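Step one of this worksheet: look at the structure below.
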There are 2 protein chains.
Amino acid sequence: MSALSDSASPLYEKVKDFVLANIGSGKWVQNARLPSENDLVNSLGVSRMTVHRALRELTSEGHLRRVQGVGTFVAPPKAQSTLIEVSNIINEIRDRGGKHRAGVILLERIEHPAPAIVRAFEFDRVKPVDHSLVVHFENDIPVQLEERYVNPALVPHYLDQDFTSIATLEYLQRCTPLTEVEHLISALPAGPEQARLLQMPERDSCLVLHRKTWTGATVATVNTFTHVGSRYSLGSRYRPTHKPA
Amino acid sequence: MSALSDSASPLYEKVKDFVLANIGSGKWVQNARLPSENDLVNSLGVSRMTVHRALRELTSEGHLRRVQGVGTFVAPPKAQSTLIEVSNIINEIRDRGGKHRAGVILLERIEHPAPAIVRAFEFDRVKPVDHSLVVHFENDIPVQLEERYVNPALVPHYLDQDFTSIATLEYLQRCTPLTEVEHLISALPAGPEQARLLQMPERDSCLVLHRKTWTGATVATVNTFTHVGSRYSLGSRYRPTHKPA
DNA sequence: AAGTGGTCTAGACCACAAT
DNA sequence: TTGTGGTCTAGACCACTTA
């Protein structure tokens, strides 16, 4: 009695499917104990290494919990969260097959930044920051307004790069290891400046993504990406595990 | 000549560390070809299964790329993306110390869903779906309109749960293993129904999160979460991976 | 002491790609 | 044909928990 499907997948995949099917059908409920490896070896007719690999992978995928000397158990449901991937706008446009163009509005070093900027960088006193404002076009239609404040102590020569061809995030990551990222997504009506630069009606919805990055305990960049609500959405597909076929 | 560290970790971990050290030091650069499994077996003095497990895990972690019949190569740096975590609204509100309340607007089984719904579920023919519409309040102010379409074949008795106390996602995950999630975030002006249910001015900005989930190849749920732009934003802080000492 | 999972080996067969 | 990675086995030893 094999109880394993007869498709042309590896044996350990069939064992994984067998276990997932028993969880999915409710036969093995949350926190229930699974048969031991040796039980599965006997009932499924495969070697222990194969059973072990299947159970090990299911454990690393979050479906099982294993305790040496005790047993294997059905794990509680996945952490109560799912993930969204944020890629850079240039790759996104190119992946869609669109034509990308960037227009530099402003490049400057601000010697005496406004209090809000100083606060965002968590500076203990006023320090200069570099500032860039770039519009990204997809097929000559503006889709994103990219505003960045960069800590020159971590990213030297930020203003000297070629903003029209290289993804800024790539440049930053070459300069300093970004160890932490904070995102905030909101929906806001367009103000006059957004409306002008993004060629959209004032008061129309913008999708705004704030991103703040750190290198260690130091704030590296403070960014605001403003998108035309009617022309842009942020998407992702995420596979917690991944099953071939 | 083992070249492996002598700490008390498993052999396959030492092999992984050995490989990562060679990549980290620049000895094996991007796209360079690694020694074959048999080479490593000979030079490191471990069995092929152990080498194979180390290389397999490094591949699944994104450090290597393997091609059957060809060889093993150093993978290009991690994909140019950062992640946003999406948690459920009830936990979010409670984490902020707010008072959560949910109001059920509609619970129904739709025997003949609209074409758009049938298409979203990727059904081959018209099948019934369960439908719920719930408003979530934070301190008695509406913040989210939660609309869900659920596949009854995967989630039996969906309409019978207590929508006011349990996070719906938790309930779903207890019923069926969600293997894939797709998100789409957009900013849109509020229509009449949104304005009424969320007590917001019409045409004001909404932050809309679409979420579609799968169990294997089957669509499990199709959801739309609509938030008042001026009262809600989606946030997260992310720390890229780090190695345990 | 008995049962659990964790690791490791030696050897085998296979599918695949390059030669 | 040769070499690569992919899988699988049988058996072994170990560390750990429970009784």
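Chain letters run A, B, ... following the sequence lines, proteins first and then strands; every chain starts at 1. Nothing here was measured: the structure is a model prediction, and the numbers come from that model.
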Taking atom [atom2] of [N] as reference, at what distance in whole Å does atom [atom1] of [X] sit?
X      : N       : atom1 : atom2 : value
R56(A) : dT4(C)  : CZ    : C1'   : 17 Å
R53(B) : dT7(D)  : CZ    : P     : 14 Å
N38(B) : dA10(C) : CG    : P     : 13 Å
Y12(A) : dT9(D)  : OH    : C1'   : 16 Å
L11(B) : dC8(C)  : CG    : P     : 4 Å
R65(B) : dG6(D)  : CZ    : P     : 13 Å
E37(B) : dC8(D)  : CD    : P     : 15 Å
E13(A) : dC14(C) : CD    : C1'   : 17 Å

Inset, instruction - Run the salt-bridge test on E138(A) and R101(A) with the 4.0 Å N-O cut-off and return the result as yes or no. - result: no
Among [options], the one nearest [X] by side-chain distance:
X      : options                  : answer
T50(B) : dT9(C), dT9(D), dT4(C)   : dT9(C)
H52(B) : dG6(D), dC8(D), dG5(C)   : dG6(D)
Q68(B) : dT7(C), dG11(C), dT4(D)  : dT4(D)
V70(B) : dG5(D), dA18(C), dA10(C) : dA18(C)
S47(A) : dG5(D), dT9(D), dT7(D)   : dT9(D)

Legend entry - Heavy-atom side-chain proximity of Y12(A) to M49(A) below 4.5 angstrom: no
Inset, instruction - On the 0 to 90° scale, with breaks at 30° and 60°, tag the H227(A)-Y232(A) ring pair as parallel, tilted or perpendicular. - result: parallel
Inset, instruction - Evaluate the ring planes of Y149(B) and H131(B), with Trp represented by its six-membered ring, and classify them as parallel (under 30°), tilted (30 to 60°) or perpendicular (over 60°). - result: parallel
Legend entry - OP1 or OP2 of dG3(D) under 4.0 Å from side-chain N/O of S36(B): no
Legend entry - N or O in side chain of T72(A) less than 4.0 angstrom from dG5(C) OP1/OP2: yes
Legend entry - Closest-nucleotide 5' rank along DNA chain D - winner of M49(A) and G69(A): M49(A)
Inset, instruction - Mind checking R33(B) for me? I need base, sugar-phosphate or nothing, with any heavy atom below 4.0 Å counting as a touch. - result: sugar-phosphate
Legend entry - Distance-only donor-acceptor test, R48(B) side-chain atoms vs dG6(D) base atoms, 3.5 Å: yes
Inset, instruction - Check whether any side-chain N or O of N22(B) sits under 3.5 Å from a backbone N or O of K27(B) as a donor-acceptor pair, and report yes or no. - result: no
